[in-house]
Amino acid sequence: MKKITAILSAVLIMCMAGTANAQFKVGKLVGAAAKGVKALTLTDAQMASYVKESVDWMDTHNKVSDADSPYTKRLNKLVEGINDINGIPLNFKVYEVIDVNAFACPDGSVRVFSSLMDIMDDDELMGIIGHEIGHVGKHHSKNAFKQELLTGAAKDVIASTSDVAAALTDSQLGKLGESLAGAKFSQKQEHEADDCGYEFLVSNGRNPWGMVKAFEKFLDMENKAGGSSSYIDRMFSSHPETKARIERMTKRATKDGYQRP
């Protein structure tokens with residue numbers, strides 16, 4: 001079965017190839033479906049089924065770190081006792097892939113890529129995890145996924161069913177997985193998630209400067225790679241906005257009296 005990989009710049013591939021053994025799989029591209037929302041509704045049960053099936057597909061088609069992996073041990077230690085966000089249960093796994101990325105799904109599935117862990121210290125990594133969880137708690141991820149279901153490649157199949165989730169092809173599941181891993185949010189939503197990341201660090205006894213330091217690393221990578229990394233492209237819509245977000249978090253940490261490490 002053919003699969004495609006997420007786009008990653010040659011610069012980042014060369015930097016990260018030594019620390020992971022594969023690139024993130026999101027399935028082969030399907031033919032372009034007609035866009036535009038149909039007279040189509042989705043129940044919460046359907047949404048939950050599509051999310052679970054998509055997450056299961058990604059977990060099957062990407063190398064998940066086993067329990068004895070240093071990546072898994074590090075992540076489990078960092079998120080110990082963090083069980084839910086606004087009543088949504090959380091579960092965490094590491095994908096051993098070369099992409100620099102992390103994402104959280106509407107069902108609370110959080111996936112952190114090993115190459116992101118390679119370049120982030122614990123505070124920086126926790127800030128990014130908190131940011132992604134924030135998208136779940138604010139229902140940004142759910143709304144983005146619902147929009148993909150209403151307008152994407154699986155739209156016609158979904159529209160042909162009633163109150164049960166339609167059976168989707170492998171390529172459609174890959175496309176839905178791609179939408180989960182690469183969801184784009186508005187600047188307002190990103191600011192809300194930034195605040196969640198900041199508060200996540202504070203509530204877990206960590207220095208919120210981790211948000212600033214993580215963003216600074218992304219900005220440096222953006223400058224070197226032209227913003228072609230999946231995570232950088234998703235998190236930062238424009239160069240000035242990147243700097244503005246760094247400045248915003250810097251002002252907040254300074255005002256709150258936290259010392260930069």
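Computed from heavy atoms alone, side chains included, the values below leave out hydrogens, waters and symmetry copies. This is a predicted model, so every value here is computed, not measured.
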**Q** Is Asp44 salt-bridged to Lys142, cutoff N-O under 4.0 Å?
**A** yes

**Q** If you take all heavy atoms of Val136 and Pro106, which pair is closest and at what distance?
**A** CG1-O, 4.0 Å

**Q** Under the 3.5 angstrom rule, does the side chain of Ser115 hit a backbone N or O of Val97 as a donor-acceptor pair?
**A** yes

**Q** Can you tell me how far the CD atom of Glu199 sits from the CG atom of Asp194, to the nearest 0.5 Å?
**A** 10.5 Å

**Q** What verdict does the side chain to side chain contact (heavy atoms under 4.5 Å, CB included) test give for His191 and Glu241, after you've listed the backbone C-alpha separation in whole Å, the side-chain angles of each residue and the deciding distance to 0.1 Å?
**A** CA-CA 11 Å; His191 281 165; Glu241 173 63 12; 3.1 Å; yes

**Q** How close do Met126 and Leu78 get, counting heavy atoms only, and between which atoms?
**A** CE-O, 3.4 Å

**Q** Is Arg248 paired with Asp195 through a side-chain N to carboxylate O contact shorter than 4.0 Å?
**A** yes

**Q** Could you state the interatomic distance from NZ (Lys93) to OG (Ser69), rounded to the nearest 0.5 Å?
**A** 13.5 Å

**Q** With rounding to the nearest 0.5 angstrom, report the CZ to OH distance, Arg206 to Tyr258.
**A** 13.0 Å

**Q** Identify the residue among Asn62, Asn101, Asn91 that makes a side chain to side chain donor-acceptor pair (under 3.5 Å) with Arg111.
**A** Asn91

**Q** State the CG-CD1 distance between Asp220 and Ile119, to the nearest 0.5 angstrom.
**A** 9.5 Å

**Q** Taking atom CD1 of Ile128 and atom NZ of Lys217, what is their separation to the nearest 0.5 Å?
**A** 10.5 Å

**Q** Determine the interplanar angle of the Phe103 and Phe113 rings, folded into 0 to 90°, and report it as parallel if under 30°, tilted if 30 to 60°, perpendicular if over 60°.
**A** perpendicular

**Q** Pick one: which of Arg245, Arg260, Lys243 meets salt bridge (Lys or Arg N to Asp or Glu O under 4.0 Å) with Glu216?
**A** Arg260

**Q** Are a donor atom and an acceptor atom from the side chains of Ser114 and Glu96 found within less than 3.5 Å of each other?
**A** no

**Q** With no hydrogens and no angle check, is any side-chain donor or acceptor of Thr72 less than 3.5 Å from a backbone partner on Asp66?
**A** yes

**Q** Which pairs pass salt bridge (Lys or Arg N to Asp or Glu O under 4.0 Å) with one or both residues in residues 72-86, sequence neighbours excluded?
**A** Arg74-Asp122

**Q** Taking side chain to side chain contact (heavy atoms under 4.5 Å, CB included) as the test, write out the residues that go with Pro261, two or more places apart.
**A** Asn207, Trp209, Lys213

**Q** Hey, is the main chain of Leu176 close enough, under 3.5 Å, to the side chain of Ser179 for a donor-acceptor pair?
**A** yes

**Q** Looking just at side-chain N and O atoms, do Glu190 and His135 make a donor-acceptor pair shorter than 3.5 Å?
**A** yes

**Q** To the nearest 0.5 Å, what is the distance between CD on Glu132 and OG on Ser109?
**A** 13.0 Å

**Q** Got a donor-acceptor contact below 3.5 angstrom from the Ser49 side chain to the Ala45 backbone?
**A** no

**Q** Given Thr242 and Phe215, is the side chain to side chain contact (heavy atoms under 4.5 Å, CB included) satisfied, shown in steps?
**A** CA-CA 8 Å; Thr242 304; Phe215 287 178; 5.7 Å; no

